[in-house]
Amino acid sequence: MKVKIKVKHLFALVTVLFASFVLLQVFVMPSVQVALAKKHFEQGAPNGKRELIRAIDAASGDDKWALIRRYMIENGSDLGATRFEVIAGDGTFESGTVTSLPGTPRWTGEEKLKYLNAYVEGGPVDGYMARAAKQLAYEYLLLDRNEDAIRALERMEQKLSSPYVNQKSELKFARAKIYADVDKPEAAERLLNELNDRPNRQDTYLTDKIAKLKTRVAEQRDPTASSVSGTIKKSDGTRMSGIGVYLRSSRDIYHSLIDSEPYQTMTDAEGRFAFKGVAPGSYVIYIGLNFEQLDGWTRPVNRDEEWIDVRRGERLTHDITLQRLIQLRAPVDQQVITGETVQFEWEPVEGAAYYRLNGTFPVENGSVGFQIKDHIEDSAIELPLETLYGVATGYSYKKFGDKELPDPSTLLGFAEPSSRFSWSVEAYDANGKLLTRSNGYRLNEQTMGHLPFFYLKARTLTEADRLLLEGRMDEALSAYKADYARDEQDHHSLRMIVKLFGIHELGQKETFDVASLTYLEKLASVDNSGSALATLIAHYGEVGNWPLVDRYYGMLEEARQGKVESYTQALYGTLLLKQGRVREGEAQLRQAQENDSSNRFIGSYLASVIYLSGDLVKAEALARQYPERSYYDQANPDWSKLVHDLAEESRDANGDAYLSQLRDALRVGFSGDQTRVAEWRAKSEHAAMEAFVLALSMAD
Amino acid sequence: MKPEQAQTSMRAKLEEELKEIHFSKSVEVLNRTHPRSLPAKLRALWNYEIELPLIPLGAGFAVLLVIVLATQFEEHSDPGDLAGDMPRADRQLVEAGGNTYWKEDFEKAVKRVEGKDQS
């Protein structure tokens, strides 16, 4: 095939082609490259960052600032609290999306310094400027270049004109905060005073922050100021720098971390942190990390295990060491189990005295977790399916038509063959301190490990189970009863009857009737999990049938091999106090108290100690050592104050007579009978004694 | 006879024969068909019609285009040092079995183990 063309047309064609090529090179390609760089960066493509840097370097003027603004400043972190992807508290891990571009590559400190400095020097003076300066200061702080950080903030404050009065205040506040962090309270105070004189004071949020920092700085200037410091590292020795550290007061931990909480800092290059001038009180340290830092690791702490009680003039050290997640071995990856036992196996943990095995099953919008077995000494255990079926699991609610009913599959628990279960382990040392766990952030191929899922398909659903799954609860209950009547060895039906009765009673708020009690007692005699026993102890305790309480508690101790969970042990202890068996009660409460980090049983324990020894000094020391923790701002009694007041009152009164009156009063308090307490209080003349007994009678 | 001589004689013959016939713009026509001056010769070349083989030319052009494009985008395709570890956009976290995974990775892993079960 040939084409005829005149030379002049050929020439024109070539010229046009060439011109368009040049045009493409000069005008189109750069913007295509910028667009591609943006796209690749946003997608997190391997070269996205390099391309974007090239684009920023090649751009000039507004285009350059726009790129830095969009991809560095808007996505960047400064001195604020919410810059981390995960906030790890005592047993809580809260992840949130903190960046406007999740998943984009991270800038290194060097890159940020370079471009933020350029932006601060030459960028347009607008609202972004203050942000850029704060981020720049943050980068300097990460490198321990505190002076540079302060200078960057100060220069920007001078550079911004008067319309940006709020930003100027923010910058000054950031500077004051750094001074406070580096222990220069005078300089911080000077800036805070300047802020107090600022013209625009409607900004209540900033005013609140200023007031809080002022209190902290004043505390810091006190020569008897307390401090909390420490190091954050990984168990392999890696020091973790740039980790957010938040010393959170007991009044604050019931809500998410907010900017105005006064004790916020981050670790230096060596992983160290320090809070100077900490007001006396109870605190928990929360730390802020990025996904990469936590991936495959955990902060091994359970709720209430790491309270820091700061008293005046104390210098406390609190180190945090992240531990590797435990890898699970079997059953994993959705293994289907059809045999009569399940062999659980996991990677052993150095220094572990025992392990706790937990299970979860999925429900709508989440999962239900429960403990399968505690105090396992080996890193493997073979459990009969009967044991799993008997595990006390919680249940969630599900909609059936327009009714909310307990989700049948959660009621069936491990006996539901179509549920996908998962499991996890926690390792503890001999003192009951958590060493590490298997649950956590598993975000790449190496850390993901095996999926902790398995199915139990050994049993088939009965007719009663099917009725239950259809939400026909009453029919299911009758069917289970009929099944159990036919076969006394049908433990499954017995368990389901007890569960369904339990739900019914919860709804009616009644105590157990004779029928359900019979089933419960039958279950307790065959079920080796002991969960029915705890219910029976609580019930017979309530009705005051002491021989049965003793009997079932004895059975529970046997089932748990002497390691009864602290809640039931403390309950048993208070029931003993109620009967006047104070010495036995004290022994149980002491043990429960030792195993419970929330100190929720301390009141009853203190009362038993006072009753037996009359030693108020010892009791006060105990109360101080084990303060009852409060949550959600709920005011739990301050036992050390209550005991202190008792001691004062006894000194003022005649000691011996006072003590004998106190013993009588404590007996009233042990009863938990509010009418008796009220009658006694009407006659009592000792205010401190009344306060203590009232608190005791209300203690759970 | 050389071709130029033949042309000249032919032209003389033609002029002789056409002496009686008067073309308008006859000079122009003659100049165009048989240019004498340089500009005239150039103009002839300018308007010269050539025949181009479409297939080899198109193929050559395509090759050239590919080379140009390849050099243009080469920098976008060199392997990154951090491939693999880089997070990708639009990723979502999912909590499953008490662990937190990237949703995409988790779904892939579930599919993998389910595939293994069936085989």
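Numbers restart at 1 for each chain; the letters A, B, ... are given by sequence-line order, proteins then strands.
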Nearest-0.5 Å distance that lies between atom [atom1] in [X] and atom [atom2] in [Y]:
X	Y	atom1	atom2	value
B:Phe106	A:Arg442	CZ	CZ	12.5 Å
A:Phe21	B:Leu65	CZ	CG	9.5 Å
A:Leu451	B:Glu114	CG	CD	9.5 Å
B:Asn99	A:Leu328	CG	CG	7.5 Å

Q | Contact winner vs chain B - A:Ser422, A:Gly48, A:Gly440, heavy-atom pairs under 4.5 Å | A |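 Top count of heavy-atom pairs under 4.5 Å with chain B: A:Gly440.
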Around [X], counting heavy atoms of other residues, nucleotides and ligands shown, do more than 12 lie under 6.0 Å from its [atom1]?
X	atom1	answer
A:Lys39	NZ	no
A:Glu445	CD	no
A:Glu110	CD	no

Could you tell me if the side chain of [Y] sits less than 4.5 Å from the side chain of [X], heavy atoms only?
X	Y	answer
A:Leu10	B:Leu52	yes
A:Leu17	B:Phe61	yes
A:Glu85	B:Leu93	no

Can you name the closest pair of heavy atoms from [X] and [Y] and give their distance?
X	Y	value
B:Asn47	A:Lys8	OD1-NZ, 3.0 Å
B:Pro53	A:Lys2	CA-CG, 3.9 Å
B:Gly97	A:Pro452	O-CG, 4.0 Å
A:Gln334	B:Val110	NE2-CG1, 3.4 Å
B:Thr100	A:Leu443	O-CD2, 3.6 Å

Using non-hydrogen atoms only, which part of [X] is less than 4.5 Å away from chain B: side chain, backbone, both, or neither?
X	answer
A:Phe421	neither
A:Ser424	neither
A:Arg437	neither
A:Leu325	neither
A:Tyr441	both
A:Ser438	backbone

**Q.** Region of B:Leu45 that comes under 4.5 Å of a non-hydrogen atom in chain A
**A.**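 Backbone only.
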(Q) Please classify the contact of B:Glu95 with chain A as side chain, backbone, both or neither, using a heavy-atom distance under 4.5 Å. (A)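 Neither the backbone nor the side chain of B:Glu95 comes within 4.5 Å of chain A.
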